[in-house]
Amino acid sequence: MTVPLVSILMGVYNGEKTLSRSIDSVKRQTFFNWEFIIFNDGSTDNTSTILKRYSDEDPRIHILNGRGKNGLASGLNQCLFVAKGKYIARMDDDDISLPERLFKQVDYLEKHNNVDAVGSSMIVFDECGEKGIRHNDVLITKKSFLKGSPFFHPTIMIKRKVLKDLNGYRTDVGRTEDLDLWFRFFQGGYVGCNLQEPLLKYHENITDYSKRTIRNGLLATYVTFSGYKNIDISLINRWRAFRPLISSLIPKKLMKKYHEFKLDR
């Protein structure tokens, strides 16, 4: 059996409403040499039935079933453990990969051996339609972290060896497992960049902002402050570490409108 060049990792919990469109977007890719490893994190809705149908139809789709609710970071680590691809791509159960996403990211990494991870811009949408495009820095530098996470996590493709050398995702940092990873990535001297073309449609609604609790804000502030120290961000700029905590105190609808206002239309 051919070893896949790309392993796509996804964690899902009760994703019956959006899961099919997400998996379908992977199956519609113009790049075919992939495996799709999906961790079912103890779903109690129709997710298991949907996953079984897709895995029965396509041998490239593999399902791992967790006991209870393990959390996204733990599920992704279990997917990483069995992944075979040279590259690891991320996917969330409510997002949509555009058809040439995998092809363009593989092509970039194959042509730029010095780059260890590549993300992209993304189209933000909700139930009412597309809202605009969100961009990140082309080349990841220390200053990129002053704006928040230097990558949009669902858009990422990273060398499997690099992700394994970084010991995957930490499971004790709440919902900031991606930001923590990128601090360690940059501290380790790895190179990352973002394609400015949007290669993924990112689903974002008011429910996502409701997850920005004070507890999660405190954890994100801790991860950011520690990360700033580890990559030697100047003391005068470390106040920015408190932004996740501050945003958790602002009404969710207001935060949603603010982030939509900043989108490129």
Side-chain angles (χ1 to χ4, degrees), residues 9-15 37 39-42 64 66-81 83 88-95 116-117 119 136-137 140 142-160 162-190 192 194 202 204 207-233 237-250 252 255 259:
L9 311 188
M10 174 192 282
V12 56
Y13 174 74
N14 287 353
I37 308 170
F39 184 81
N40 182 13
D41 198 9
L64 304 179
R67 296 182 177 179
K69 198 169 187 303
N70 297 265
L72 179 60
S74 176
L76 294 178
N77 285 338
Q78 293 186 56
C79 292
L80 177 62
F81 182 77
I88 299 293
R90 275 283 289 114
M91 190 72 191
D92 283 336
D93 64 276
D94 56 349
D95 297 334
D116 301 294
N136 238 328
D137 289 351
I140 306 307
K142 187 186 299 187
K143 289 183 178 180
S144 302
F145 289 89
L146 298 179
K147 306 172 187 177
S149 179
F151 293 108
F152 302 128
H153 196 201
T155 74
I156 201 69
M157 183 178 286
I158 183 172
K159 293 176 179 176
R160 177 168 62 99
V162 170
L163 189 53
K164 281 188 163 268
D165 286 347
L166 291 169
N167 296 313
Y169 296 91
R170 282 180 59 188
T171 59
D172 59 348
V173 290
R175 299 180 67 247
T176 58
E177 71 283 332
D178 55 334
L179 179 59
D180 170 78
L181 173 67
W182 303 129
F183 274 121
R184 291 185 285 119
F185 175 91
F186 187 80
Q187 186 182 6
Y190 297 109
N194 288 295
Y202 177 73
E204 184 175 80
T207 303
D208 298 303
Y209 287 90
S210 297
K211 297 174 183 176
R212 299 186 180 200
T213 63
I214 293 176
R215 178 183 179 277
N216 287 331
L218 284 168
L219 277 169
T221 292
Y222 169 76
V223 167
T224 305
F225 196 85
S226 299
Y228 280 178
K229 181 179 179 181
N230 291 337
I231 67 173
D232 198 27
I233 292 289
N237 278 314
R238 291 187 191 178
W239 66 268
R240 298 170 186 267
F242 292 95
R243 287 187 304 179
L245 178 58
I246 294 170
S247 68
S248 71
L249 300 172
I250 297 174
K252 314 309 176 189
M255 285 301 301
H259 285 290

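Position 1 is the first residue of the sequence; numbering continues from there.
- The side-chain heavy atoms of D41 and L72, taken from C-beta on, include no pair separated by under 4.5 Å.
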| message | Between N136 and S144, is the side-chain contact (heavy atoms from CB on, under 4.5 Å) condition met? List the steps. | response | CA-CA 8 Å; N136 238 328; S144 302; over 6 Å; no
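- With a 4.5 Å cut-off on side-chain heavy atoms, D178 and F151 do not count as touching.
- Taking OG of S247 as the reference point, atom NE2 of H259 lies at 6.5 Å (rounded to 0.5 Å).
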| said: Apply side-chain contact (heavy atoms from CB on, under 4.5 Å) to residues L219 and V173 and explain how you reach the verdict. | reply: CA-CA 6 Å; L219 277 169; V173 290; 5.6 Å; no
| message | Show, in sequence, the C-alpha distance, side-chain angles and deciding distance for F186 and F145, and conclude whether the side-chain contact (heavy atoms from CB on, under 4.5 Å) test is met. | response | CA-CA 10 Å; F186 187 80; F145 289 89; 3.8 Å; yes
| Where do K147 and D137 land on the salt bridge (Lys or Arg N to Asp or Glu O under 4.0 Å) test, with the steps shown first? | CA-CA 10 Å; K147 306 172 187 177; D137 289 351; 2.5 Å; yes
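- Put simply, the side chain of V162 reaches to within 4.5 Å of the side chain of L166, judged on heavy atoms.
- N216 meets the side-chain hydrogen bond (donor to acceptor under 3.5 Å, both in side chains) test with T213; sequence neighbours excluded.
- What you find for L245 and S248 is that their closest heavy atoms are O-OG, 2.5 Å.
- Considering CG of L9 and CD1 of I156, their distance stands at 12.0 Å, rounded to 0.5 Å.
- In this structure, CZ in R170 is found 14.5 Å from OG in S74, a value given to the nearest 0.5 Å.
- Across every non-hydrogen atom of R184 and G168, the tightest pair is NH2-O, 2.8 Å.
- For the pair L163/L181, a side-chain contact is recorded, criterion being any heavy-atom separation below 4.5 Å from C-beta on.
- Residues satisfying the salt bridge (Lys or Arg N to Asp or Glu O under 4.0 Å) criterion with D92, sequence neighbours excluded, are R90.
- Evaluation of the side-chain contact (heavy atoms from CB on, under 4.5 Å) rule for K164 yields L80, R160 as partners, not counting sequence neighbours.
- We find the CG-CE distance between D94 and M10 to be 8.5 Å, quoted to the nearest 0.5 Å.
- D180 contributes no side-chain N or O that, together with a main-chain N or O of T176, makes up a donor-acceptor pair within less than 3.5 Å.
- The local environment of CD1 in I214 is sparse, with at most 12 non-hydrogen atoms from other residues, nucleotides or ligands closer than 6.0 Å.
- With rounding to the nearest 0.5 Å, the separation of CZ in F39 from CG in N77 is 10.0 Å.
- Under the side-chain hydrogen bond (donor to acceptor under 3.5 Å, both in side chains) criterion, D95 pairs with no residue at all, not counting sequence neighbours.
- Here the closest non-hydrogen pair linking L179 and S149 is CD1-CA, 3.9 Å.
- Residue L76 holds its CG atom at 11.5 Å from OG1 of T171, rounded to the nearest 0.5 Å.
- Heavy-atom contacts from other residues, nucleotides or ligands closer than 6.0 Å to NZ of K69 number more than 12.
- Qualifying ring pair (Phe, Tyr, Trp, His ring centres under 6.0 Å) partners for F185, counting only residues two or more places apart in sequence or in other chains: W182, Y190.
- For the pair R243 and G148, the tightest heavy-atom approach, listed with the atom from each and the gap, is NH2-N, 3.7 Å.
- Of all heavy-atom pairs spanning A241 and T224, the tightest one is CA-CG2, 3.6 Å.
- Across all non-hydrogen atoms, the minimal contact from Y228 to R238 is CD1-CA, 3.8 Å.
- Under the salt bridge (Lys or Arg N to Asp or Glu O under 4.0 Å) criterion, D232 pairs with no residue at all, not counting sequence neighbours.
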| request: Take I233 and R240, measure what side-chain contact (heavy atoms from CB on, under 4.5 Å) needs, and give me the verdict at the end. | output: CA-CA 10 Å; I233 292 289; R240 298 170 186 267; over 6 Å; no
